[in-house]
Amino acid sequence: MSAPPNFNRLARIYRWMELASFGPWLWWCRCTFLDSLPGCRRALVIGDGDGRFTARLLRANPAVQIDAVDASTAMLASLLRRAGSDTYRVRTYCADARQWQPANPPYDLIVAHFFLDCLTTEEIDLLAATLHKAASPQALWLVSEFAIPAGWFGRLVARPLVWCLYWAFGHLTGLTLRELPDHRTALRQSGFALQKHRTRLGGLLVSELWSVNAASKSAQIEP
């Protein structure tokens with residue numbers, strides 16, 4: 001198993017890097033299904049970067065308690081700063097999510113925004129199997145990710161762009177991956193079912209809401 005990428009040096013500029021490269025689109029992806037989560041009370045947030053979504057979730061749901069896992073001490077410190085007066089509802093764990101054991105199950109919400117692309121398909125499979133055991137029967141998993149759509153846009157725009165992102169983050173953080181994993185197959189094999197799915201920027205960005213119940217109905221595709 002390779003060492004996790006080191007995002008410490010990017011903590012203070014992460015938001016501005018994101019805005020400079022994709023404007024508000026990544027943020028919109030994170031918040032796509034936020035309105036579907038009002039009943040969640042115990043959440044596990046993995047690799048939230050500088051903590052903007054964690055802060056938003058805390059404001060949107062005054063009852064939720066959050067376990068936040070990240071391998072970067074600087075990112076976790078930023079997350080706590082953004083949580084502000086709601087910090088008492090957040091527990092942080094500085095750890096490699098691939099090896100971390102859930103601390104306060106069962107969770108009724110799992111969040112992984114632009115994190116699974118730092119793992120291989122096999123690593124996601126193992127992570128999803130661990131989290132499935134730590135999830136409540138009604139649990140939801142919120143995912144935002146990059147994707148390479150079919151057709152000319154995928155070949156000529158999305159694939160080169162994703163490669164450039166991997167190259168840049170490889171140099172900045174030590175990330176060794178150079179291609180997107182198949183996170184959907186990994187989640188399905190671990191017993192999760194895709195409930196809602198929305199694409200942006202021609203399919204380059206996807207927002208997904210998964211259920212812990214693999215017998216649930218098929219995904220709803222939103223425009």
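Computed from a predicted model, the values in this text were never measured in an experiment.
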Item to complete: Return the set of residues passing side chain to side chain contact (heavy atoms under 4.5 Å, CB included) with A71 (not counting sequence neighbours), or none when no residue passes.
Response: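 Result, side chain to side chain contact (heavy atoms under 4.5 Å, CB included) vs A71: P4.
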Pairs in or reaching into [range]: which pass salt bridge (Lys or Arg N to Asp or Glu O under 4.0 Å), with residues at least two apart or in two chains?
| range | result |
| --- | --- |
| residues 15-31 | E18-R30, E18-R52 |
| residues 154-182 | none |
| residues 115-134 | R98-E123 |
| residues 69-86 | D50-R82, D86-R89 |

[X] to [Y] - nearest heavy-atom pair and separation:
| X | Y | result |
| --- | --- | --- |
| C94 | T73 | SG-CG2, 3.5 Å |
| P149 | G203 | CD-O, 3.8 Å |
| V212 | A135 | CG2-CB, 3.9 Å |
| T176 | S2 | OG1-OG, 4.0 Å |
| P105 | A134 | CB-O, 3.6 Å |
| V157 | P160 | O-CD, 3.4 Å |

Who pairs with [X] by ring pair (Phe, Tyr, Trp, His ring centres under 6.0 Å), at least two apart in sequence or on another chain?
| X | answer |
| --- | --- |
| H113 | F53 |
| F114 | F146 |
| W210 | none |

So, [X] side chain and [Y] main chain: donor-acceptor pair closer than 3.5 Å or not?
| X | Y | answer |
| --- | --- | --- |
| E145 | F115 | yes |
| N61 | C40 | yes |
| S144 | C29 | yes |

[atom1]/[X] to [atom2]/[Y] distance, rounded to the nearest 0.5 angstrom?
| X | Y | atom1 | atom2 | answer |
| --- | --- | --- | --- | --- |
| L204 | W25 | CG | CH2 | 10.5 Å |
| I46 | L119 | CD1 | CG | 9.0 Å |
| S78 | N8 | OG | CG | 11.5 Å |
| L209 | H197 | CG | NE2 | 12.0 Å |
| M75 | N6 | CE | CG | 9.5 Å |
| T54 | R59 | OG1 | CZ | 10.5 Å |

Do [X] and [Y] sit in one hydrophobic cluster, given that two such residues count as connected whenever their side-chain heavy atoms are within less than 4.5 Å of each other, even indirectly?
| X | Y | answer |
| --- | --- | --- |
| L177 | L180 | yes |
| L161 | W152 | yes |
| L156 | Y166 | yes |
| L126 | F192 | no |
| L76 | V45 | no |

Other hydrophobic cluster members with [X], side-chain heavy atoms of Ile/Leu/Val/Met/Phe/Trp/Tyr under 4.5 Å, chained?
| X | value |
| --- | --- |
| W167 | W163 |
| L19 | W16 |
| V206 | none |

Worksheet item: Going through the distances and angles, do W141 and L131 end up as a side-chain contact (heavy atoms from CB on, under 4.5 Å)?
Response: CA-CA 10 Å; W141 189 335; L131 297 185; 3.8 Å; yes
Practice prompt. Go through the steps for L58 and V90 under the test side-chain contact (heavy atoms from CB on, under 4.5 Å), then give the verdict.
Written response: CA-CA 9 Å; L58 289 166; V90 181; 3.7 Å; yes
Worksheet entry | Chi angles and distances behind the side-chain contact (heavy atoms from CB on, under 4.5 Å) call for L109, L57 | CA-CA 11 Å; L109 175 63; L57 179 60; 3.9 Å; yes
Worksheet item: Is it the case that more than 12 heavy atoms not belonging to R41 sit under 6.0 Å from its CZ atom?
Response: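 Enclosed: over 12 neighbouring heavy atoms sit under 6.0 Å from CZ of R41.
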Item to complete: Might you work through the side-chain contact (heavy atoms from CB on, under 4.5 Å) test for F169 and L10, ending with a clear yes or no?
Response: CA-CA 10 Å; F169 278 97; L10 303 183; 3.8 Å; yes
Worksheet item: Tell me, which pairs form a side-chain hydrogen bond (donor to acceptor under 3.5 Å, both in side chains) where one or both residues lie in residues 102-111, sequence neighbours left out?
Response: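 Found D67-N104, D67-Y107, Y93-N104.
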Worksheet item: Side chains of R200 and T32: donor-acceptor distance under 3.5 Å anywhere?
Response: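 On atom types as modelled, these side chains qualify, holding a pair under 3.5 Å.
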